[in-house]
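Because only heavy atoms are used, hydrogens play no part in the values below, and waters and symmetry mates are left out as well, while side chains stay in. Every chain is numbered from 1, with letters handed out A, B, ... down the list of sequences.
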Protein chains: 2
Amino acid sequence: MEARRDVFQAIADPTRRAIIGMIAEQPVNVNAIAAQFEVSRQAISLHLKILTECGLLSIKQQGRERLCEARLDKLNEVHEWVQQYHQLWTSRLKALKGFLEEEAKQPTIHKKSKK
Amino acid sequence: MEARRDVFQAIADPTRRAIIGMIAEQPVNVNAIAAQFEVSRQAISLHLKILTECGLLSIKQQGRERLCEARLDKLNEVHEWVQQYHQLWTSRLKALKGFLEEEAKQPTIHKKSKK
DNA sequence: ATGATATGCAATCATTTACTTGCAAATATA
DNA sequence: TATATTTGCAAGTAAATGATTGCATATCAT
């Protein structure tokens with residue numbers, strides 16, 4: 001269980017995404033997180049470890065409890081990667097929309113213009 | 001090799017992200033993609049299959065070639081998931097910045113105000 | 001028709017993943 | 001101090017992942 005450990009890998013798992021959603025607003029301790037899931041506490045503990053290792057989570061010891069806090073800024077890598085393609089595809093959609101509107105005005109201009 | 005197959009899972013692999021980057025601008029055929037990587041053509045073929053199964057890729061048969069075209073709109077799911085947290089953390093950053101600026105103007109107001 | 005090209009499919013394999021159960025250690029609480 | 005609570009660590013397991021090699025098939029060029 002010691003290999004690739006990056007943010008993309010971390011958020012690939014739906015349980016881990018749920019954990020992030022659960023602690024995004026305010027820190028939550030380990031047992032409280034585990035209580036929300038069907039799987040064992042150990043399984044959640046492992047997910048927390050993975051999230052911690054890739055920097056998406058930081059842990060504050062508080063007596064015998066451990067508060068898990070989301071480090072949302074670490075999602076920036078994903079945000080930027082997706083953003084570039086998001087811009088690409090939305091600009092294409094706009095171009096298509098513009099084209100279709102031109103077509104609607106002068107439906108046959110492309111077929112006739114060359115002949 | 002037949003289980004979870006969603007966009008988050010698909011982009012978890014760096015090779016698959018590289019493939020998406022390679023075909024984002026225009027369609028490319030299978031061998032041309034495979035030629036860019038160290039791994040075997042079969043390995044790439046499997047990655048293409050995974051990308052296809054989650055809708056990030058569509059294939060157009062063109063004679064004996066298969067043109068792989070990126071379906072960037074399928075990244076929307078990821079975009080929206082990250083976006084909500086991006087907004088959360090940037091608004092926090094702004095709040096922090098505002099707070100620090102207030103502190104700079106009246107450095108001790110919080111400590112003195114109550115005593 | 002013949003050979004080269006583009007690609008898929010199947011079998012196989014080493015690692016990694018996501019879990020589980022059991023046990024130990026530290027910290028609260030009665 | 002005795003006991004309950006919170007959590008980590010270790011060993012074990014089934015399934016998924018990423019990759020390889022070998023063989024088959026369709027299409028294009030000569």
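At whole-Å resolution of the value, CD1 in Ile33(A) and C1' in dT6(D) are 13 Å apart. Summarising the geometry, the separation between CG on Leu46(A) and C1' on dT20(C) is reported as 12 Å, rounded to the nearest angstrom. If you measure from atom CD of Glu53(A) to atom C1' of dT16(C), you get 13 Å, rounded to the nearest angstrom. Nucleotide dT13(D) holds its C1' atom 16 Å from the CD atom of Gln42(A), rounded to whole Å. The distance from atom CZ of Arg5(A) to atom C1' of dT15(C) is 13 Å, rounded to the nearest whole Å. Rounded to a whole Å, the CG atom of Asn31(A) is 16 Å from the P atom of dA4(D). The CG-P distance, from Asp6(A) to dT17(C), rounds to 10 Å in whole Å. Between Gln9(A) atom CD and dG18(D) atom P there is a gap of 8 Å when expressed in whole angstrom units.
Taking the side chain of Asn29(A) as heavy atoms from C-beta on, and the options dG22(D), dT7(D), dT17(D), the nearest nucleotide is dT7(D). Nearest to the side-chain atoms of Val30(A) among the listed nucleotides dA18(C), dT20(C), dT7(D) stands dT7(D). Taking every side-chain heavy atom of Asp13(B) into account, dG18(D) is the closest of dA19(D), dA18(C), dG18(D). Minimum atom distance to the side chain of Ile50(B) is reached by dG18(D), of the listed dT20(D), dT17(D), dG18(D).
Separation of atoms SG (Cys68(B)) and CD1 (Ile20(B)) is listed at 12.0 Å; rounding is to 0.5 Å. Rounding to the nearest 0.5 Å places NE2 of His47(B) at 12.5 Å from OG1 of Thr52(B). The distance from the CG atom of Asp73(B) to the CG atom of Leu88(A) is 11.5 Å, given to the nearest 0.5 Å.
Put simply, the side chain of Asn76(B) reaches to within 4.5 Å of the side chain of His86(A), judged on heavy atoms. Side-chain contact check for Ile11(B) versus Trp81(A): some heavy-atom pair is nearer than 4.5 Å.
In plain terms, the two heavy atoms of Asn29(A) and Leu67(A) that are nearest each other are N-CD2, 3.7 Å. The heavy-atom pair separating Glu69(B) from Lys60(B) by the smallest distance is OE1-CE, 3.3 Å.
Mapping Arg41(B) and His47(B) onto DNA chain D via the closest heavy atom, the residue that lands nearer the 5' end is His47(B).
Here Ser45(B) lies in heavy-atom contact (under 4.0 Å) with sugar-phosphate atoms only.
The side chain of Ser40(A) places no N or O atom within less than 4.0 Å of a non-bridging phosphate oxygen (OP1 or OP2) of dC19(C).
Of the residues in residues 55-72 of chain B, those lying under 4.0 Å from DNA chain D by heavy-atom distance are Gly63(B), Arg64(B).
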